[in-house]
*Asks:* 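Below is a structure I'd like to ask you about.
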Amino acid sequence: MNLDIDVKKRKLIKDFIWLRSKINFDFIFDKDEFSQEDIRRYYKKTKFLLYRLGGSKEGYMHIGVSDDGLHKKGENYQTYHLNKINDIIKKHNFKNVLELGSGQGANMAYLAKTHPNVNFTGIDLYPSLDKKNKKYNISLIEGDYHNLKQVESNSMDFVYAIETLCYSTNKNQIFKEVNRVLKKDGIFVIFDAYLAKERSELSEIEAIGAALVENGYYLDEFEFIGNIDNYIKENNFEIILAENLKNKVINHLYAYQDKIKKLFKFGSLFSIFCKMIPKEVLGNIVPIYFMANTVDLDLSVYYYHVLKKK
């Protein structure tokens, strides 16, 4: 889908009016800051309804990505990130790998199947492993990824973070800590979304669009992509790859939007369902719906970074 900016802005407004006529999501504008307890509750509430039904049976729910940018019904596009990470581990023969924000361990389990001799460690505020994943070479740390005190300096070959650093309000500290725990020439991979503009430069409709996605996902706010470049330089990393994945994600995002539209064709039945589900789940429908608009407007960007410790 390739629309000019004015058409895209009108579409965002039209989509806002349409979705607001279907569900009342005004509550997501009520809070601008989220505590760790808010985020914990959000993930607990969305774990089954979204991460199992809307995501994958394995337990991850990444933004769909494909090299050709096409969305074909029935295909699984949520392992793109893991396949890229898998290739890096294989290429460098890495043995010690750390995941930031590991959640239920689904990402590590996917990788551990291919790499039984690699030591995978995950850190999360509330880490857990499904029973079926406990057989793998995985260890968990309960903690905040801003402070990796449980991890020795220069002990990791590879650190990765998939759609989790967006929850950080001090990303520079994360880069500092990752640099500390990585060995020389170690690799840091990040898949995440950012603002393409400084927040002060956003128009009113752009600010509303950003808030719809941020608050629905329980984010304080997306970081400006330019800040990430500064954190990389300040913390002694070399950029191996910095790829804007817009053309590889946009059709998948619009497919999610279309899927939500189809759900409302169930009429009163789906409306009743929306009234019964937790507000965290209902609110999550909003950013899933509107992220297509914000990325297409070049308001949000979704990046793949491969960094090397100098």
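Start at 1 with the first residue, then count along the sequence. Worth saying up front: this structure is predicted, and the values here are computed from it rather than measured.
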*Asks:* Short question: side chain of Tyr80, backbone of Lys248 - any donor-acceptor pair under 3.5 Å?
*Replies:*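 Such a contact is absent between Tyr80 side chain and Lys248 backbone.
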*Asks:* Looking at Asn119 and Asn96, would you say the former's side chain and the latter's main chain have a donor-acceptor pair under 3.5 Å?
*Replies:*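 Checking the backbone N and O of Asn96 against the side chain of Asn119, no donor-acceptor pair under 3.5 Å is found.
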*Asks:* Under 3.5 Å, is there a donor on one side chain and an acceptor on the other for Tyr194 and Glu223?
*Replies:*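 The answer is no; no qualifying pair exists.
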*Asks:* Would you call the rings of Tyr231 and Phe175 parallel, tilted or perpendicular, where under 30° means parallel and over 60° means perpendicular?
*Replies:*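 Tyr231 vs Phe175 ring planes: tilted.
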*Asks:* Is it true that Asn154 and Lys309 share a donor-acceptor pair across their side chains at a distance under 3.5 Å?
*Replies:*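 There is such a pair (donor and acceptor under 3.5 Å, judged by atom type) between the side chains of Lys309 and Asn154.
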*Asks:* Say whether Leu70 and Val249 are linked into one hydrophobic cluster, either directly or through other cluster members, by side-chain heavy-atom distances under 4.5 angstrom.
*Replies:*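 Looking at the clustering, Val249 is in a separate group from Leu70.
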*Asks:* Could you tell me whether the side chains of Asp192 and Tyr167 share a donor-acceptor contact shorter than 3.5 Å?
*Replies:*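 Their side chains do not contain a donor-acceptor pair, so the 3.5 Å distance test is not met.
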*Asks:* Name the orientation class of the two ring planes belonging to His305 and Tyr303 (parallel below 30°, tilted from 30 to 60°, perpendicular beyond 60°).
*Replies:*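 Parallel, since the angle between the ring planes stays under 30°.
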*Asks:* Can you list the steps and then say if Tyr217 with Met291 is a side chain to side chain contact (heavy atoms under 4.5 Å, CB included)?
*Replies:* CA-CA 11 Å; Tyr217 278 143; Met291 198 160 182; 4.3 Å; yes
*Asks:* Ignoring hydrogens and geometry, is there a side-chain-to-backbone donor-acceptor pair from Glu214 to Phe222 under 3.5 Å?
*Replies:*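 Such a contact is found between Glu214 side chain and Phe222 backbone.
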*Asks:* Would you check if the distance from the ring center of Phe16 to the ring center of Phe25 is below 6.0 Å?
*Replies:*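 Yes; Phe25 has its ring centre under 6.0 Å from that of Phe16.
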*Asks:* Counting N and O atoms only, with roles assigned by atom type, does the side chain of Gln150 sit under 3.5 Å from a partner on the main chain of Glu142, one being a donor and the other an acceptor?
*Replies:*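 Looks like yes, one N/O pair under 3.5 Å.
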*Asks:* Got Tyr145 and Asp124 here, is their nearest side-chain heavy-atom distance under 4.5 Å?
*Replies:*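 Not in contact.
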*Asks:* Once the angle between the rings of His81 and Phe191 is folded into 0 to 90°, is it parallel (under 30°), tilted (30 to 60°) or perpendicular (over 60°)?
*Replies:*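 If you compare the ring of His81 with that of Phe191, the planes turn out perpendicular.
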*Asks:* For a salt bridge (Lys or Arg N to Asp or Glu O under 4.0 Å) check, start with the C-alpha distance between Lys11 and Asp15, then their side-chain angles and the critical distance, and finish with the verdict.
*Replies:* CA-CA 6 Å; Lys11 185 178 187 310; Asp15 283 335; 2.6 Å; yes
*Asks:* If the threshold is 4.0 Å, N to carboxylate O, is there a salt bridge linking Asp298 and Lys8?
*Replies:*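 The answer is no: the pair does not qualify as a salt bridge.
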*Asks:* Looking only at atom types and distance, does a side-chain atom of Thr79 sit under 3.5 Å from a main-chain N or O of Leu82, one as donor and one as acceptor?
*Replies:*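 Such a contact is absent between Thr79 side chain and Leu82 backbone.
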